[in-house]
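Working notes for the structure below.
Below, read A as the first sequence line, B as the second, and so on, with proteins coming before strands; counting in each chain starts at 1.
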Amino acid sequence: MPSPRLRRSFFDRPVLKVAPDLIGATLLVDGVGGVIVELEAYHHTEPAAHSFNGRTERNAVMFGPAGYVYVYRSYGIHWCVNFVCEEEGSASAVLIRALQPTHGLPAMRRRRGLQEERALCSGPGKLCQALGVTREHDGLALDVPPFRLEERVEVPEIVAGSRIGITRGTELNWRYMDAGSPYLSRAVPREAKP
DNA sequence: ATGAAGATGAAT
DNA sequence: TTCATCTTCATC
């Protein structure tokens with residue numbers, strides 16, 4: 001039987017508290033998805049956050065209430081999906097970086113043009129392609145179809161590290177991952193901490 | 001109006 | 001390590 005669904009209020013608290021609590025939750029888009037095994041937190045006071053320099057057309061959703069989806073285009077090629085956290089106006093979010101595929105594997109393989117399970121959702125651009133997430137999803141609530149988010153049933157070993165592809169603000173408390181998962185976008189760094 | 005950089009991924 | 005590909009945003 002399915003786990004309880006996460007409500008939007010789950011995200012209405014500090015982004016650094018939400019991030020580790022989301023590891024192990026299941027994300028589905030139109031029934032396709034899997035278990036979140038890696039993500040990164042972006043607080044609006046961080047120079048690396050898209051919201052750091054204020055509201056723009058692209059990041060507008062980040063300035064709204066918690067529990068909504070922020071999708072942006074990366075390198076002109078890929079899509080990346082975030083969940084907005086904290087109270088309205090705070091403009092903080094978590095970037096979903098990797099999933100363990102559990103639902104709709106055939107659809108994922110078709111969209112990705114690959115067979116290898118490890119390669120389906122092991123990166124922010126990859127998982128958006130596998131789940132069919134695009135600009136169309138920007139601004140949607142994540143507790144309403146096509147999105148569905150289920151509570152985790154077991155708490156994995158969660159470790160934190162520094163964010164990937166970020167040159168400023170590299171402290172070891174922004175990237176969270178399931179230490180034992182083979183579906184991460186990158187290996188657990190040596191300096192990772194519990 | 002223009003240009004430089006970018007929360008990536010795949011191939012070499 | 002290179003490159004594809006193009007939007008976004010700051011600056012001129």
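Checked against C:dT7, C:dA10, B:dT8, the side chain of A:Arg73 finds its nearest nucleotide in C:dT7. Looking at the side chain of A:Ile77, the nearest of the listed nucleotides C:dA4, B:dA7, B:dA10 is C:dA4. For A:Cys80, counting side-chain heavy atoms from C-beta on, the closest listed nucleotide (B:dA10, C:dA4, B:dT8) is B:dT8. The side chain of A:Arg58 sits closest to C:dC9 out of C:dC6, C:dA4, C:dC9. In the set C:dA4, B:dT8, C:dT8, C:dT8 carries the atom at the smallest distance from any side-chain atom of A:Arg135. Distances from the side chain of A:Arg112 to the nucleotides B:dA7, C:dC6, B:dA10 place B:dA10 closest.
Aromatic pair A:Tyr70/A:Tyr68: centroids not less than 6.0 angstrom apart. For A:Tyr72 and A:His50, the distance between ring centers is under 6.0 angstrom.
At a threshold of 4.0 angstrom between heavy atoms, the contacts of A:Arg175 with the nucleic acid are absent.
Ion pairing between a basic and an acidic side chain is recognised when a charged N comes within 4.0 Å of a carboxylate O; A:Glu151 and A:Arg5 show no such pairing. Look at A:Glu150 and A:Arg148 and you find a salt bridge, because one of the NZ, NE, NH1 or NH2 atoms lies within 4.0 Å of a carboxylate O, short of that distance. Checked for salt-bridge contact, A:Lys193 and A:Glu171 miss the test: no charged N lies under 4.0 Å from a carboxylate O. Salt-bridge annotation for A:Asp21 and A:Arg13: present, with a side-chain N of the basic residue lying under 4.0 Å from a carboxylate O of the acidic one.
Whole-Å rounding puts the A:Glu171 CD to B:dA7 C1' distance at 16 Å. Across the protein-nucleic acid pair, A:Glu116 atom CD and B:dA11 atom P stand 12 Å apart, rounded to whole Å. Rounded to whole Å, the distance from CG on A:Asn53 to P on C:dT11 is 9 Å. Summarising the geometry, the separation between CD on A:Glu57 and P on C:dA10 is reported as 13 Å, rounded to the nearest angstrom. Summarising the geometry, the separation between CZ on A:Arg97 and C1' on B:dG9 is reported as 11 Å, rounded to the nearest angstrom. A straight line from CE of A:Met62 to P of C:dC9 spans 12 Å, rounded to a whole angstrom. One atom, NE2 of A:His78, and another, C1' of B:dT8, lie 4 Å apart when rounded to the nearest Å. One interatomic measurement links the two molecules: NE2 of A:His43 to P of B:dA7, which rounds to 18 Å at whole-angstrom precision.
Remark on DNA chain B: of its neighbouring residues A:Leu114 and A:Gly76, the 5'-side contact belongs to A:Gly76, judged by nearest-heavy-atom nucleotide.
Both stacking criteria are satisfied for A:Tyr42 over the base of B:dA7: a centre-to-centre distance under 5.5 angstrom and an angle between ring planes under 30 degrees.
Nucleotide B:dA7 forms no Watson-Crick or G-U wobble pair with any nucleotide shown, as no partner meets the under 3.5 Å limit on both distances. C:dC12 is unpaired under the Watson-Crick or G-U wobble criterion, no partner having all donor-acceptor distances under 3.5 Å.
Between A:Ser74 and B:dA7, a side-chain N or O to OP1/OP2 separation shorter than 4.0 Å is absent.
Evaluation of atom-type donor-acceptor distances gives a pair under 3.5 Å for the side chain of A:Tyr72 against the base of B:dA7.
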